[in-house]
Engineer: 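I am attaching a structure below and will ask some questions about it afterwards.
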Number of protein chains: 2
Amino acid sequence: MPLKADLDAIDWKILRELQNDGRMTNVELSNRVGISAPPCLRRVRRLEEAGIIRGYRALLNAPALGMDVVAFCLIGLHHQADAELKSFAERTRGWPIVRDAWMVSGESDFLLHCVASDLGTFQTFVIEELASAPNVDTVRTALTIRRVKDEGLVAFEGKS
Amino acid sequence: MPLKADLDAIDWKILRELQNDGRMTNVELSNRVGISAPPCLRRVRRLEEAGIIRGYRALLNAPALGMDVVAFCLIGLHHQADAELKSFAERTRGWPIVRDAWMVSGESDFLLHCVASDLGTFQTFVIEELASAPNVDTVRTALTIRRVKDEGLVAFEGKS
DNA sequence: AAAATCGCGAAAGATTCTTGCGCGAAAGCC
DNA sequence: GGCTTTCGCGCAAGAATCTTTCGCGATTTT
């Protein structure tokens, strides 16, 4: 499994291009990174198999689909033993409103990225599901007003 | 431009499939949603042009690329006039460490999703860039321990 | 009931994907 | 130094896919 050190400048270019447009054809990609199509495809496959490319995703426009509420919730638990952290983590996977979830350190124990169709649905979720889940101590919510920046997970400063 | 009401069950299936695998071929996609390839491609194009599909992205494995620190920062500003919110929003776009940013309501004004190669880099960023940026009042950070859930932005409960 | 609208699916040509193979450059070894 | 091995690129060809065109049937409109 190739590590970071095995990636050359062309690999970084490939990652940057696919992070910007994951549906680009291999021919187009090969032109952009400056090699021909076959070795380009081989590099992409290698990056996928190495787990460096975790997958591909269409980015959806939540408001256009009737999802008007995007919010983040910071959750503090009463007890932070390993079993209890795992238990809460598992619970987040059963909540469709929760789209991503992170275990964090700091003032809270979990950060949840939530999407709901309307404020009522979200509030009901917070009160009846989240805050009343076992072991939940504090729930702080931040409703999003608008997205201000939206790049991929990884930056490519000076990697080309 | 089609609105939510114009989407039928097949469109929802297409969105779900492409959110799970944005690089699926159109033939594969058409098989999964139960129509032939040409109308399937037309539907995808329509969803793209309508802005319902905002784009496609390869998901990268940050730790494998030497990005060991993922954190969230909650920022409170001194003054929340429109010009000052816009000014800070613009500033986030110049910070490569900040990958996504949201303007939020609640205890804080902005939430930043940050990725850095190591803790030192991140701390330097927080102290020398973030906390010392104009108009910044409070900075609360939450270092992520691990990702617990990672779905797309939109859920499809009962939409198929 | 006739006409218009709409989306599906078959067919075909263009493009792309994918594999196998030969070549040249760089690294390792005697 | 010179030989061998290794590695990745790019050409070429067959398979698969993409994309457009066109006719059909179903639903809606008039």
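The sequence lines fix the lettering, A, B, ..., with proteins before strands; numbering per chain opens at 1. Atom set for the values below is all heavy atoms of this structure, side chains included, hydrogens, waters and symmetry mates excluded.
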Engineer: Check whether Arg23(B) reaches the backbone of Met24(A) with its side chain - one donor and one acceptor, N or O, closer than 3.5 Å.
Structural biologist: yes
Engineer: Decide salt bridge (charged side-chain N to carboxylate O under 4.0 Å, His left out) for Asp150(A) and Arg57(B); before the verdict, give the C-alpha distance in whole Å, the side-chain angles of both, and the deciding distance to 0.1 Å.
Structural biologist: CA-CA 11 Å; Asp150(A) 184 25; Arg57(B) 180 159 288 170; 3.7 Å; yes
Engineer: What parts of residues 19-29 of chain A reach DNA chain D, counting only heavy atoms under 4.0 Å away?
Structural biologist: none
Engineer: Between Arg147(A) (side chain) and Asp100(B) (backbone), is there a donor-acceptor pair under 3.5 Å?
Structural biologist: no
Engineer: Would you check if Leu111(A) and Thr144(B) make a side-chain contact, meaning some heavy-atom pair closer than 4.5 Å?
Structural biologist: no
Engineer: If each of Ile10(B) and Arg45(A) is mapped to the nucleotide of DNA chain C with the nearest heavy atom, which maps nearer the 5' terminus, i.e. the 5' end?
Structural biologist: Ile10(B)
Engineer: Could you tell me which non-hydrogen atom of Arg91(B) sits nearest to which non-hydrogen atom of Ala133(B), and how far apart they are?
Structural biologist: CD-CB, 3.8 Å
Engineer: Given atom CG of Leu41(B) and atom P of dT17(D), what is their separation to the nearest angstrom?
Structural biologist: 14 Å
Engineer: Would you grab the first and last nucleotide of DNA chain C (5' to 3') that comes under 4.0 Å of any non-hydrogen atom in chain A?
Structural biologist: dT16(C) to dT19(C)
Engineer: Quick one: Arg42(B) CZ to dT19(D) P, roughly how many Å, whole number?
Structural biologist: 13 Å
Engineer: Any salt bridge linking Arg32(A) with Glu28(A)? Criterion: basic side-chain nitrogen under 4.0 Å from a carboxylate oxygen.
Structural biologist: yes
Engineer: Round to a whole Å and report the spacing from CD1 of Ile35(B) to P of dG25(D).
Structural biologist: 20 Å
Engineer: Any heavy-atom pair between the side chains of Asp109(A) and Phe88(A) that's under 4.5 Å?
Structural biologist: no
Engineer: Consider the side chain of Pro38(B), meaning its heavy atoms from C-beta on, and name the nucleotide among dC9(D), dT19(D), dG10(D) that approaches it most closely.
Structural biologist: dT19(D)
Engineer: Output the distance between atom CD1 (Ile75(A)) and atom CG (Leu112(A)), rounded to the nearest 0.5 Å.
Structural biologist: 4.5 Å
